[in-house]
Amino acid sequence: MVLPQKTPDVRVEKIIKLAVMAVGGQGGGVLTGWIEAMARAEGYVCQATSVAGVAQRTGATIYYVEMAPKGALDPVFALAPAAGDVDVLIAAEMMEVGRAVMRGFVTPDRTTLIGSTHRALAVSEKMAPGDGIADADEVRAAAEIAAQNLILEDMEGLAVGAGSVISASLFGALAGSGALPFRREAYENAIRAGGKGVEPSLRAFAVGFDAAQGKLQQTAPAAAEKEAAPFQLVGPEALQAEWTALVSRADRLPEPVHDLALAGLAKVVNFQDCAYGALYLDRLDTVLARDSAARDWRLSAEAAKYIANAMAYDDIIRVADLKTRAPRFTHIRQEMRAGDANLMQLTEYFHPRAEEIAGLMPARLGARVEASDKWMARLNRWFDKGRRLRTDRLPAFLMLHFLGGLKGYRLKTHRHAIEVAHLDNWLGRCLDEVDADYALAVELVKCRRLIKGYSDTHARGLGKFDKVVDAADLLRGREDAADWVARLREAALQDADGEALDGAIATVRSFV
């Protein structure tokens, strides 16, 4: 049976379809509310829905708005956007721009795409052991092809500069795009009707509007126009004299090594003290003695970076110290835009393993405890559970502040003994290869990059490091040994589980 062709209802063509893709905390709901309120105030019938994603940065919420001029009969609106059928797409982050294009919501025949170029890293990007950050340039190139009209700007930066949030600057960009048949005053009235943060929101709206129309004035920050103030160290004169002596010693290093060594020196001194900084330079001197200008000091430059990282390991003392420093609290208040009159609650999440507790003990006692299955099981039973500490309250803050102040005791701990033994073994292994295969020695130094983080993250990195170094033993004597170690290291950085590394090692074993 052939059904007769039905003549399309011309009123359907008047429906405007708009989608907002945002993640937790970006104000997608507020933006959608403004759009809906404005449309109704302008005599349109409107419907707004949302399809929630997973909380925060592991997934986006899609807000969908359909609107049409009010007539004798109200239309039946759709509940979710369809591929190829979206007039305006607003993406509150650069990777949301990419997801919108991939899902077919952005098409060159009709879609105005408004997106923010700033990045809020996804969990998958943060979990990658190496550089897991997606390429924003590829997303921009795809958006330029897919959209009929494209507006990309750092809407987050514009909003923060105006003292507001990104939803306001995106709303301004929507107004400036001319994609909806409403006057600028209608948008501003919707913000005023909201009644919260009106003035900051209007400022952010204005800069978003100008950005959409290409009228945004790019002014250099005032601080950039002035010469940066020289770094000034404050503290007791005796300690300043020790630091000055260390800096003078670092200044005598070869030029390719100097900058990295100075940064490494600052890191280890911040981690412990000036005596520890002198020990760092002593270790670096052992590498310099085996290196030369003829080789551009490549080994020493890499060693300057990774020896510092190895010496400034993450233990309970360091974590507690960092979490109780005043600049961290100031930074969090600025990120949360908390004023002086606002009370801020801060919860720290801790999940120490038995190994961290044993590592905090004196070296000999900690070694005996870690060697005892009975005691490790007991420590796991006592401590291996998630803890939430409210550091805006005095008891939790004082506990962490006390732990962070144990720097003088740190060098006597079991964890420090483990780290020193591992560092000396790694550095000696690298120097053993200098005469036979300089390139391999350099790549082995770089392998220290695999060890990072705290607790389980540190344990996984250490396991990968051991696998790569063991594979390097199999490759010793081959002309391409350095190249293969570099490939193994990059494979280890591809995924947290180490599947890529296991595959690469299997390849090595197949030909050695």
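Quick caveat: nothing in here was measured; it's all calculated off a predicted structure. The figures that follow rest on heavy atoms only: side chains count, while hydrogens, waters and symmetry mates do not.
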Would you please name every residue forming a ring pair (Phe, Tyr, Trp, His ring centres under 6.0 Å) with [X], sequence neighbours left out?
X: F205; result: F171
X: H401; result: F397
X: F77; result: none

Can you confirm whether [X] is buried at [atom1], in the sense that more than 12 heavy atoms of other residues, nucleotides or ligands lie under 6.0 Å from that atom?
X: R393; atom1: CZ; result: no
X: R487; atom1: CZ; result: yes
X: M102; atom1: CE; result: no
X: K323; atom1: NZ; result: yes
X: K452; atom1: NZ; result: yes
X: D109; atom1: CG; result: yes
X: H331; atom1: NE2; result: no

Atom [atom1] in [X], atom [atom2] in [Y]: separation rounded to 0.5 Å?
X: L400; Y: I317; atom1: CG; atom2: CD1; value: 12.5 Å
X: E355; Y: R415; atom1: CD; atom2: CZ; value: 10.5 Å
X: I316; Y: L406; atom1: CD1; atom2: CG; value: 10.0 Å
X: C46; Y: D74; atom1: SG; atom2: CG; value: 11.5 Å
X: E335; Y: M344; atom1: CD; atom2: CE; value: 10.5 Å
X: H458; Y: L462; atom1: NE2; atom2: CG; value: 5.5 Å

- Query: Passes salt bridge (charged side-chain N to carboxylate O under 4.0 Å, His left out), R110 versus D85? Steps please.
  - Reply: CA-CA 8 Å; R110 65 187 297 176; D85 195 30; 2.8 Å; yes

Are the side chains of [Y] and [X] in contact, using a 4.5 Å heavy-atom criterion?
X: Y63; Y: I35; answer: no
X: F402; Y: L398; answer: no
X: I151; Y: L113; answer: no
X: M95; Y: V139; answer: yes

- Message: If the test is side-chain hydrogen bond (donor to acceptor under 3.5 Å, both in side chains), which one of R318, K407, R410, K267 qualifies with Q272?
- Response: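 Answer after filtering R318, K407, R410, K267: R410.
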
Counting N and O atoms only, with roles assigned by atom type, does the side chain of [X] sit under 3.5 Å from a partner on the main chain of [Y], one being a donor and the other an acceptor?
X: D495; Y: E499; value: yes
X: T413; Y: L360; value: no
X: D87; Y: K17; value: yes
X: T111; Y: V106; value: no

Please determine if [X] and [Y] form a salt bridge, counting it only when a charged side-chain N lies under 4.0 Å from a carboxylate O.
X: E348; Y: R388; answer: no
X: R448; Y: E302; answer: no
X: R353; Y: E356; answer: yes
X: K467; Y: D502; answer: yes
X: R184; Y: E188; answer: yes

- Do the ring centers of Y454 and Y313 come within less than 6.0 Å of each other?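 Aromatic pair excluded; centres sit 6.0 Å or further apart.
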
- Message: Any donor-acceptor pair under 3.5 Å linking the side-chain atoms of D456 with those of H351?
- Response: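 Not at all, the side chains of H351 and D456 share no donor-acceptor pair under 3.5 Å.
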
- Message: When you compare the side chains of Y187 and E185, does any donor N or O come within less than 3.5 Å of an acceptor on the partner?
- Response: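 No, no side-chain donor-acceptor contact under 3.5 Å.
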
